[in-house]
**Student:** 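Dumping the structure here so I can ask a few things about it.
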Amino acid sequence: MSIWTRISETLASIGGSVGAFLQSVANRDPGPPEKSVAFTIGMIGLGAKMAKADGVVTDDEIRAFRRVFHVPQSDLPTVARVFNLAKQDVAGFEAYARQIARIFEAKSDILEDVLDGLFHIAKADDAFHPGEHGFLRQVAEIFGFPEADFARIRARHVDMADDPYLILGLPGDAPLEDVRKRYRDLVREHHPDRHIAAGVPEEMVEIATRRLQKINEAYSRIMEKTA
């Protein structure tokens, strides 16, 4: 069963409230299939909250989400419905973020997946606005990421991309031994298979793959400079 079929079935049972669904999952110990649904609905919900609250979902917003997930054309109405439900929900994005953090544990690699996906959505119009930066910074804070971690995540997307040390989360004068250790740890932590096992749907595995590519590129650049 695809993630979109599961979400369609979930939508039929949540009474139109994305926030209520996330809270119900956060209040119990869900298995991987339900975590995948919660992850996806939570990502769409936060993406909708980040988008301009103009009443209905736009084609641009759907296209932005399709850059993060592989969504078949036939399943786009499901994504649109979650977007619109989240836009209409009186609960603020802070409530969504807190519930997602409870489901996946503060500062976890999975929450970093959520932030990566939201950055991709924010950049969909080839711009990154101050309001989006503020939104993402607040979400990262609720997720338990300190400023240094947020800067590291942001560097993969919108600024300071010329600093490979920042992408690895290291100071610019870190010794090579620390660089190698940090690189090995990041490769292990961000392997796509590990994220799928933790509840990230296979449809979003490309996010973890892209992140690993950025990590590999940063490490290669450091090694070239120090050769």
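Only this structure's heavy atoms are used, side chains among them; waters, hydrogens and symmetry mates stay out.
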**Student:** Apply side chain to side chain contact (heavy atoms under 4.5 Å, CB included) to Pro77 and list each qualifying residue two or more places apart in sequence or on a separate chain.
**Tutor:** none

**Student:** Which value, rounded to the nearest 0.5 Å, describes the distance between Ile103 atom CD1 and Leu22 atom CG?
**Tutor:** 5.5 Å

**Student:** Taking side chain to side chain donor-acceptor pair (under 3.5 Å) as the test, write out the residues that go with Ser108, two or more places apart.
**Tutor:** none

**Student:** Please report the interatomic distance CZ(Arg221) to OG1(Thr226), rounded to the nearest 0.5 Å.
**Tutor:** 12.5 Å

**Student:** Calculate, to the nearest 0.5 Å, the distance between atoms CG and CZ belonging to Leu85 and Phe21 respectively.
**Tutor:** 12.0 Å

**Student:** Is there a side-chain contact (heavy atoms from CB on, under 4.5 Å) between Val37 and Ile41? Walk through the geometry before answering.
**Tutor:** CA-CA 6 Å; Val37 171; Ile41 289 179; 3.7 Å; yes

**Student:** Please answer whether the main-chain N or O of Ser24 pairs with a side-chain N or O of Arg28 as donor and acceptor at a distance below 3.5 Å.
**Tutor:** yes

**Student:** Please find the pair of heavy atoms, one from Gly47 and one from Phe83, that lie closest to each other, and give the distance.
**Tutor:** C-CE2, 3.8 Å

**Student:** Report yes if the side chains of Ile100 and Phe39 come closer than 4.5 Å at any heavy-atom pair, otherwise no.
**Tutor:** no

**Student:** Does CD in Glu105 sit with more than 12 non-hydrogen atoms of other residues, nucleotides or ligands closer than 6.0 Å?
**Tutor:** no

**Student:** Kindly write out the residues that satisfy side chain to side chain donor-acceptor pair (under 3.5 Å) with Glu217, not counting sequence neighbours, or none if the list is empty.
**Tutor:** Gln213

**Student:** Report yes if some heavy atom in the side chain of Asp89 is under 4.5 Å from a heavy atom in the side chain of Lys49; otherwise report no.
**Tutor:** yes

**Student:** If you take all heavy atoms of Gln99 and Ala26, which pair is closest and at what distance?
**Tutor:** O-CB, 3.8 Å

**Student:** Taking side-chain hydrogen bond (donor to acceptor under 3.5 Å, both in side chains) as the cut-off, I'd like each qualifying pair that reaches into residues 169-182, sequence neighbours left out, listed once.
**Tutor:** Lys181-Asp185

**Student:** Indicate if Ile121 and Ile142 have the same hydrophobic cluster label, given that clusters are the connected sets of ILVMFWY residues with side-chain heavy-atom separations under 4.5 angstrom.
**Tutor:** no

**Student:** With side chains defined as the heavy atoms from C-beta onward, is the minimum distance between Trp4 and Thr40 less than 4.5 Å?
**Tutor:** yes

**Student:** Is the shortest side-chain N to carboxylate O distance from Arg211 to Asp113 below 4.0 Å?
**Tutor:** yes

**Student:** The test is side-chain contact (heavy atoms from CB on, under 4.5 Å); show your working for Lys35 and Ile110 and say whether it passes.
**Tutor:** CA-CA 11 Å; Lys35 277 190 172 184; Ile110 309 307; over 6 Å; no

**Student:** Using the rule that Ile, Leu, Val, Met, Phe, Trp and Tyr join whenever any side-chain heavy atoms are under 4.5 Å apart, tell me whether Phe135 and Val90 fall into a single cluster.
**Tutor:** no

**Student:** Mind checking whether Tyr219 and Leu186 have side chains closer than 4.5 Å, heavy atoms only?
**Tutor:** no

**Student:** Just wondering, do Val179 and Met223 contact through their side chains at under 4.5 Å, heavy atoms?
**Tutor:** yes

**Student:** Within the structure provided, determine whether Thr10 and Glu34 are in side-chain contact (heavy-atom separation under 4.5 Å).
**Tutor:** no

**Student:** Quick one about Ser2 and Thr5 (side-chain donor to acceptor, distance below 3.5 Å, no hydrogens or angles considered), yes or no?
**Tutor:** yes

**Student:** Would a 4.5 Å heavy-atom cut-off, applied to side chains only, mark Lys107 and Phe143 as touching?
**Tutor:** no

**Student:** Among all residues two or more places apart in sequence or in another chain, which pass the side chain to side chain donor-acceptor pair (under 3.5 Å) test with Arg152?
**Tutor:** Glu112, Asp149

**Student:** Side-chain contact, heavy-atom cut-off 4.5 Å: Tyr183 with Ile222?
**Tutor:** no

**Student:** Holding to side chain to side chain donor-acceptor pair (under 3.5 Å), I want the full list of residues that pass it with Gln23, two or more places apart in sequence or in another chain.
**Tutor:** none

**Student:** Under the side-chain contact (heavy atoms from CB on, under 4.5 Å) criterion, do Arg210 and Asp116 qualify, and how do the steps go?
**Tutor:** CA-CA 10 Å; Arg210 290 179 187 173; Asp116 271 332; over 6 Å; no

**Student:** Shortest non-hydrogen contact from Val18 to Ala86?
**Tutor:** CG2-N, 4.1 Å

**Student:** For Glu94, does the CD atom sit with more than 12 other heavy atoms under 6.0 Å from it, leaving out its own atoms?
**Tutor:** yes

**Student:** Looking only at heavy atoms, what is the nearest atom pair of Lys214 and Arg156, with distance?
**Tutor:** CE-O, 3.5 Å

**Student:** Measure the CZ-OG1 distance between Arg6 and Thr78 for me, rounded to the nearest 0.5 Å.
**Tutor:** 13.5 Å

**Student:** Rounded at 0.5 Å granularity, tell me how far CG in Leu136 sits from CG in Leu46.
**Tutor:** 9.0 Å

**Student:** Going from CG on Asp109 to NE2 on His191, what distance comes out if it is rounded to the nearest 0.5 angstrom?
**Tutor:** 13.0 Å

**Student:** Would a line drawn from the ring center of Phe150 to the ring center of His133 be shorter than 6.0 Å?
**Tutor:** yes

